[in-house]
Amino acid sequence: MEIKIYNTLSRKKEPFKTLEPGKVSMYVCGPTVYDKAHVGHAMSALVFDIVRRYLEYRGFEVKHVTNYTDVDDKIIQRAMVEGVDSMEIAQRYIDEFDQHLKDLNILPASEYPRATEKMPQIIEGVADLVDKGFAYPKEGDVYYRVNKFPGYGKLSGRKIDDMEAGFRIDVDQRKEHPMDFALWKGAKPGEPSWPSPWGNGRPGWHIECSVMSHACLGEQIDIHGGGNDLIFPHHENEIAQSEAMFGKQFATYWMHNGMMQLSGAKMSKSVGNLVTIDSFLEKHEAAALRMMILNSSYRSPLTFNEETIEHAQKALKRLRSALRPALPKDGWGSAAKLEDQSVKAKESFLAAMDDDFNTANAMGHLFDFVKTINQARDEGADQESLAKAQALLNELVGVLGLDLSVPEVQGGEAEAFIDLLIEIRKKFREEKLWELSDLVRDKLEELNVSLEDTAQGTTWHWK
RNA sequence: GGCGACGUAGCCAAGUGGUAAGGCAGAGGUCUGCAAAACCUUUAGCAUGGGUUCGAUUCCCAUCGUCGCCUCCA
């Protein structure tokens with residue numbers, strides 16, 4: 001079987017071939033840390049976590065680098081508003097984001113470079129582009145000369161001539177061409193800055209990714225990822241920079257995730273329609289967010305609302321239903337059938353994931369497998385056969401980064417009392433005092449505790 | 001205005017040139033004291049209009065609609 005990846009560069013699915021056999025270098029654009037991260041940022045991190053986990057499952061050694069943009073206009077602005085150093089702002093939100101990554105069960109990247117830590121390399125990169133004629137200094141700034149790079153527009157499908165720069169904003173008169181973009185910005189008074197051959201200043205947004213990618217992964221990489229809002233201009237400019245610097249193709253595969261939508265529009269700070277990761281996790285388990293993403297294509301927009309969250313939680317519950325233990329029954333004679341279906345489940349799962357990480361399809365196969373397992377249990381499967389299938393389910397779901405163990409919703413204190421109530425209800429039921437036993441069940445339900453009577457007794461779980 | 005993506009059942013969402021996975025919700029049933037859970041059965045002709053084809057939901061064109069980008073953005 002062969003993995004296929006949808007490449008934004010060609011707008012097609014292409015067979016996955018790495019630069020080096022068995023190894024994958026992957027660079028994913030991380031957030032600009034000027035404010036609290038929202039679930040859209042989490043989506044991007046989750047999507048590429050799934051990609052990374054799957055590639056590793058398929059035997060690749062993945063070097064995964066994701067950056068933090070820790071110097072830019074918005075960070076500086078925020079710092080001025082709060083009257084603190086811009087590095088303090090950046091550090092605050094980096095720390096927060098790190099914690100989010102842990103909470104969301106996202107595997108740590110191999111490296112988390114920051115722009116401010118790579119300043120000498122960035123300056124070197126800008127100087128290199130100036131030397132090669134791809135950039136020109138102008139009054140303390142340095143601009144990339146877009147017309148000098150023949151491939152400009154190949155990622156986003158644009159032509160320089162077609163683009164009416166200035167259509168929405170005024171063109172900076174210092175640029176030779178309206179599409180030229182800043183590699184280096186001269187510092188205004190009071191702004192954080194670094195010395196450079198062009199005076200004190202700071203890097204433009206795009207150059208840091210080219211430089212950090214090079215510093216961490218080399219001149220060429222296998223996969224470059226990010227949100228599809230970055231295709232233009234950010235990734236287009238990265239290509240222009242990196243390929244001008246090294247004279248070879250930058251990334252083989254460009255992968256872009258779709259945008260998280262809230263109230264019919266892309267979730268964003270400027271529109272104000274966002275849900276922070278913090279507020280999501282206050283109300284929901286982390287796995288629910290991952291489940292939302294798994295249920296659809298990573299490339300499509302994803303609607304975020306109460307309904308889709310609930311849907312994801314029900315889907316999780318459904319997966320978990322397969323993990324219940326065997327029933328005390330006889331007459332089980334289909335162990336071979338269960339094993340056979342386990343093999344098929346895994347094959348289908350892999351085939352779906354090989355096809356551009358088609359998680360929605362893969363989930364479909366896992367739900368089929370859930371049904372298979374539940375059927376086997378109902379038919380009286382023994383614990384050993386069942387456990388084997390369940391282990392496979394956990395394994396496959398683990399490839400997607402899902403943990404099906406039920407999170408501790410509340411402290412253990414309540415549990416003893418719930419057990420006590422169940423014990424009392426058991427007496428009622430033995431006495432056939434149905435009204436009383438139902439009262440206990442209903443009242444507990446109101447307190448978000450669901451009871452289920454089974455042949456082995458009554459079990460309960462948080463709703 | 002330019003570029004790009006998308007439009008599949010009540011909802012979410014895969015997929016295919018030869019008559020459509022899965023999940024949720026709904027209906028009926030098994031089980032249960034009753035429920036719940038699980039299991040069984042059941043619910044679509046794929047935006048619209050053309051074209052290519054023996055045959056299209058799947059390919060091409062147009063139209064309409066939604067979204068993204070063209071300014072910072074995951």
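We name chains A, B, ... by the order of the sequence lines, and we start the count at 1 in each one.
Within the 4.0 Å cut-off from OP1 or OP2 of B/C69, at least one side-chain nitrogen or oxygen of A/Lys266 is found. Within the 4.0 Å cut-off from OP1 or OP2 of B/A38, at least one side-chain nitrogen or oxygen of A/Arg318 is found. For B/C40, one of the phosphate oxygens OP1 or OP2 lies less than 4.0 angstrom from a side-chain nitrogen or oxygen of A/Lys371. Phosphate proximity of B/C39 to A/Asn374: present, with a side-chain N or O under 4.0 Å from OP1 or OP2. Regarding contacts with the backbone of B/G22, every side-chain N or O of A/Asn295 stays at 4.0 angstrom or more from both OP1 and OP2. Regarding contacts with the backbone of B/A74, a side-chain N or O of A/Thr32 is found under 4.0 angstrom from either OP1 or OP2.
The base of B/G33 lies close enough to the side chain of A/Asp438 for a donor and an acceptor atom to sit less than 3.5 Å apart. Residue A/Asp453 places a side-chain atom within donor-acceptor reach of the base of B/C34, judged by atom type and a 3.5 Å distance cut-off alone. Applying the 3.5 Å distance criterion, the base of B/C72 shares a donor-acceptor pair with the side chain of A/Lys74. Not a single donor-acceptor contact under 3.5 angstrom links the side-chain atoms of A/Arg377 to the base of B/A38.
Residue-level contact check: A/Ala265 touches the backbone only, with heavy atoms under 4.0 Å from sugar-phosphate atoms and none from bases. Contacts of A/Gln261 with the nucleic acid, taken as non-hydrogen atoms under 4.0 Å apart, involve only primed sugar atoms and P, OP1 or OP2. Within 4.0 Å (heavy atoms only), A/His365 reaches no atom of the nucleic acid at all. Using a 4.0 Å heavy-atom distance criterion, A/Gly258 is classed as a base contact. Across all strands, A/Ser296 comes closer than 4.0 Å only to sugar-phosphate atoms, never to a base (heavy-atom distances). Here A/Arg78 lies out of heavy-atom contact (under 4.0 Å) with every strand. Residue contacts for A/Leu451: at a heavy-atom cut-off of 4.0 Å it reaches a base atom on one of the strands shown. Residue contacts shown for A/Leu230 are limited to sugar-phosphate atoms, with no base heavy atom under 4.0 Å away. Using a 4.0 Å heavy-atom distance criterion, A/Gly264 is classed as a sugar-phosphate-only contact. Within the 4.0 angstrom heavy-atom criterion, no nucleotide atom of any strand lies near A/Thr454.
Pair assignment for B/A37 gives none, since no Watson-Crick or G-U wobble pairing has each distance under 3.5 Å. Using the Watson-Crick or G-U wobble rule with both distances under 3.5 Å, B/A62 pairs with B/U48. The partner of B/C69, taking Watson-Crick or G-U wobble pairs whose two distances both stay under 3.5 Å, is B/G2. Pairing of B/A74, defined by two Watson-Crick or G-U wobble distances under 3.5 Å, is not identified with any nucleotide. Checking B/A21 for Watson-Crick or G-U wobble geometry (two distances, each under 3.5 Å) identifies no partner in any strand. Nucleotide B/A56 has no partner under the Watson-Crick or G-U criteria, as no pair reaches both atom distances under 3.5 Å. Nucleotide B/U16 is matched to nothing when pairs are restricted to Watson-Crick or G-U wobble geometry with both distances under 3.5 angstrom.
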Could you list, one pair per line, each protein nitrogen or oxygen that sits under 3.5 Å from a nitrogen or oxygen of nucleotides 57-60 of chain B, together with the distance?
none

Using atom names, set out every protein N or O paired with an N or O of nucleotides 2-11 of chain B below 3.5 Å, distance rounded to 0.1 Å.
unit_1, atom_1, unit_2, atom_2, d
B/G2, N2, A/Arg158, NH1, 3.2
B/C3, O2', A/Ser156, O, 2.9
B/C3, O2', A/Gly157, O, 3.2
B/G4, O2', A/Arg11, NH1, 2.9
B/C11, O2', A/Glu307, OE2, 3.1

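In this structure, the separation between CG on A/Leu155 and CZ on A/Phe250 is 11.0 Å, given to the nearest 0.5 Å. Here the CG atom belonging to A/Leu400 is positioned 6.5 Å from the CE atom belonging to A/Met363, to the nearest 0.5 angstrom.
B/G45 and B/G18: their C1' atoms are spaced 14 Å apart (whole Å). Separation of the P atoms belonging to B/U58 and B/A62 is 15 Å when rounded to the nearest angstrom. When the C1' atom is compared between B/A20 and B/A13, the two are found 13 Å apart, to the nearest whole Å. B/U57 and B/G50 have their C1' atoms separated by 16 Å, given to the nearest Å. Nucleotides B/G7 and B/U48 have their C1' atoms positioned 11 Å apart, rounded to a whole Å. Comparing the P positions of B/C69 and B/A74 gives a spacing of 11 Å, expressed to the nearest Å. Rounded to whole Å, the separation between the C1' atoms of B/G65 and B/U52 comes to 26 Å. For the P atom pair drawn from B/C31 and B/G49, the interatomic distance equals 49 Å after rounding to whole Å.
Side chains of A/Tyr34 and A/Asp70: a donor-acceptor N/O pair is absent below 3.5 angstrom, by distance only. Using a 3.5 Å distance cut-off with no hydrogens or angles, the side chains of A/Asp72 and A/Thr69 do not pair a donor with an acceptor.
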Worked verdict on A/Phe369 versus A/Lys346 for side chain to side chain contact (heavy atoms under 4.5 Å, CB included): CA-CA 9 Å; A/Phe369 190 39; A/Lys346 181 168 176 174; over 6 Å; no
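Between A/Pro31 and A/Ile231, the one whose closest nucleotide on RNA chain B sits nearer the 5' end is A/Ile231. If A/Asn228 and A/Thr372 are placed on RNA chain B by their nearest nucleotide, the residue sitting closer to the 5' end is A/Thr372.
Using a 30° and 60° split on the angle between ring planes, A/Tyr298 and A/Phe357 fall in the perpendicular class, above 60°.
The distance between atom NZ of A/Lys432 and atom P of B/U32, rounded to the nearest whole Å, is 12 Å. Rounded to a whole Å, the CG atom of A/Leu444 is 14 Å from the C1' atom of B/A35. Rounded to whole Å, atom P of B/A36 lies 18 Å from atom CD1 of A/Ile422.
Judged by centroid separation below 5.5 Å and plane tilt below 30°, A/Trp434 stacks onto the base of B/G33.
Judged by the 6.0 Å distance and 45° axis criteria, A/Arg318 is not positioned over the aromatic ring of A/Phe367. Relative to the six-membered ring of A/Tyr143, A/Arg174 misses at least one condition, a distance below 6.0 Å or an angle of at most 45° to the axis.
For A/Asp378, whose side chain is taken as the heavy atoms from C-beta onward, the closest listed nucleotide among B/A38, B/A13, B/G15 is B/A38. Among B/C34, B/G22, B/A25, the nucleotide with an atom closest to any side-chain atom of A/Lys314 is B/A25. The side chain of A/Lys13 approaches B/G15 more closely than any other nucleotide in the set B/A36, B/A74, B/G15.
Screening A/Leu217, A/Val65, A/Thr66, A/Val51 for a side-chain contact (heavy atoms from CB on, under 4.5 Å) with A/Met26, the sole residue that qualifies is A/Val51.
A/Arg441 and A/Glu452 are not joined by a salt bridge, as no carboxylate oxygen comes within less than 4.0 angstrom of a charged side-chain nitrogen. Using a cutoff of 4.0 Å between basic side-chain nitrogens and carboxylate oxygens, A/Asp180 and A/Arg145 are not scored as salt-bridged. Using a cutoff of 4.0 Å between basic side-chain nitrogens and carboxylate oxygens, A/Glu285 and A/Arg320 are scored as salt-bridged. A salt bridge links A/Arg53 to A/Asp49: at least one charged side-chain nitrogen sits closer than 4.0 Å to a carboxylate oxygen. A salt bridge between A/Lys388 and A/Glu339 is present, with a side-chain N of the basic residue lying under 4.0 Å from a carboxylate O of the acidic one.
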